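To start, the structure under review is shown below, and the notes come after it.
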There are 2 protein chains.
Amino acid sequence: MKPSTCQKNCQNALRVADQLCQGRGVRLTPQRRQVLEILCDHHKPMGAYDILDLLKSELPAAKPPTVYRALEFLLEQGLVHRLESLNAYVSCIHPEHPHASQFLICRDCGEVRELESRSVDRTLDSALKACGFAADSQVIEVTGRCLRCTERDPS
Amino acid sequence: MKPSTCQKNCQNALRVADQLCQGRGVRLTPQRRQVLEILCDHHKPMGAYDILDLLKSELPAAKPPTVYRALEFLLEQGLVHRLESLNAYVSCIHPEHPHASQFLICRDCGEVRELESRSVDRTLDSALKACGFAADSQVIEVTGRCLRCTERDPS
DNA sequence: AATTGTTATGTTATCACATAACATAACAAA
DNA sequence: TTTGTTATGTTATGTGATAACATAACAATT
Ligand SMILES: [Zn+2]
Ligand SMILES: [Zn+2]
Ligand SMILES: [Zn+2]
Ligand SMILES: [Zn+2]
């Protein structure tokens, strides 16, 4: 993806976030929006302190709680996912329809990809139903090598 | 489960671990075995520093690396799972056939249950295959309320 | 038995991630 | 303009994990 296209996607994602928040009557304040923008601008998962470092260039007074509060909001609104196995955060590619977190994490290139498999979702749901478990959040994270890295170096 | 039965299960799990390690030519040293025993004796997930506190009663010189090294070994051997969303560890109930980590975590009673669903496993595998992703570890963690807690207080 | 390479442990310090607690400010409704 | 609510500022601390280096135990070889 060319940089120009990429930046356009980021801008678009922010507009979508604006609309979603307005529609829900919640406030995407400048701080929250800046954190989301940082996550959108990067394609790889970022730690809270990585975000903090970047945020400081726009908001020198930023401190850990600044970032964690923004992340808490963005997670609640489904605009961002947390990657439990990396202690990192990544912007959601389809925030308009909230969904369970399903990620493929490449250990070579660091790329993360949202899987969004309905069949996995359904199968897991029925397994949960079968044992009477009432889920309120699901985490699926698969670590390995992505197609591109496997093709580049099939070892 | 009665205490006597439980303790028997723990002893049995340790014997199984002994045999597995012997068969694989790896060493379940006293330290490693003690950490595994602590995890087997408790049914709930434990943080590394919780384990450390208990370990100190038998091994006063124990320090964080002592525990983390033992956990690293036990994880490699599939004797223990790490719960990513809790930063905690729990002993595996079926170490004799290594498997992907699938957990149901009750937010009320704290109970964790290994799901071991073959259908979930298969569905995820085929989704991974479809996008050419070569997995080397899978994490599935579902948080919610277990059947018992739902029945006790259906709210 | 002595040598040597390997694996495991001891020890100190530090890094990385996250939140508690309390004060102030901005906002929105009455 | 008062009042309640939500958001932010600030300091300190809690919690989880590892780096780096030294020493000891073990196992294979000579
Ligand atoms: Zn998403
Ligand atoms: Zn890759
Ligand atoms: Zn298991
Ligand atoms: Zn429960």
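Each chain gets a letter, A, B and so on, in the order the sequences are listed, and its residues count up from 1. Remember, it's a predicted structure, so these values are computed and weren't measured experimentally.
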(message) From the set C/dA18, D/dC26, C/dT9, return the single nucleotide nearest to any side-chain atom of B/Arg32.
(response) C/dT9
(message) Expressed as a whole number of angstroms, how long is the span from B/Leu52:CG to C/dG10:C1'?
(response) 14 Å
(message) From NZ of A/Lys63 over to C1' of C/dA21, roughly how many Å is that when rounded to an integer?
(response) 16 Å
(message) Any base atoms under 4.0 Å from A/Arg69, or only sugar-phosphate, or nothing? Heavy atoms, all strands.
(response) base
(request) Measure from the side chain of B/Thr29, starting at C-beta and using heavy atoms only, and say which of D/dG9, D/dT10, C/dT9 lies closest. (result) C/dT9
(message) Please report the interatomic distance CZ(B/Arg82) to OG(A/Ser85), rounded to the nearest 0.5 Å.
(response) 9.0 Å
(message) I need the CD-P distance between A/Glu84 and D/dA17, as an integer number of Å.
(response) 12 Å
(request) Identify whether any heavy atom of B/Phe73 sits under 4.0 Å from a base atom; if not, whether one sits that close to sugar-phosphate; answer base, sugar-phosphate or nothing. (result) nothing
(message) Salt bridge or not between B/Arg33 and B/Asp18? Use side-chain N to carboxylate O under 4.0 Å.
(response) yes
(message) Check this for me: does any side-chain nitrogen of one of A/Asp125 and A/Arg122 sit under 4.0 Å from a carboxylate oxygen of the other?
(response) no
(message) Pick the closest DNA chain D nucleotide for A/Thr66 and for B/Gly47 by heavy atoms, then say which residue is nearer the 5' end.
(response) A/Thr66
(request) Rounded off to whole Å, could you give me the OH-to-C1' distance for the B/Tyr49 and D/dT13 pair? (result) 14 Å
(message) Just to verify, which of B/Leu74, B/Val90, B/Val112, B/Leu39 counts as forming a side chain to side chain contact (heavy atoms under 4.5 Å, CB included) with B/His81?
(response) B/Val90
(request) Measure from the side-chain N and O atoms of B/Gln77 to the backbone N and O of B/Cys21, and report whether any donor-acceptor pair falls under 3.5 Å. (result) no
(message) Just the rounded figure in Å: distance from P of C/dA8 to CZ of B/Arg33.
(response) 17 Å
(message) Counting only side-chain heavy atoms from C-beta out, which of C/dT19, D/dA17, C/dC17 sits nearest to A/Asn87?
(response) C/dC17
(request) Round to a whole Å and report the spacing from CZ of B/Arg82 to C1' of D/dG16. (result) 8 Å
(request) Give a yes or no on whether a donor-acceptor pair under 3.5 Å exists between the nucleobase atoms of D/dA19, that is its base, and the side chain of B/Tyr68. (result) no
(request) Look at the side chain of B/Pro65 and decide which nucleotide, out of C/dA8, D/dA7, C/dT11, has an atom nearest to it. (result) C/dT11
(message) Could you tell me how far apart B/Leu75 (CG) and D/dA17 (P) are, to the nearest whole angstrom?
(response) 10 Å
(request) Name the closest nucleotide to the B/Gln31 side chain, picking from C/dT9, D/dG9, D/dT8. (result) C/dT9
(message) Output the rounded distance in Å from CG (A/Leu59) to P (D/dT8).
(response) 10 Å
(message) Which is more 5' along DNA chain C, the nucleotide nearest B/Ala61 or the one nearest A/Ala48? Just name the residue.
(response) B/Ala61
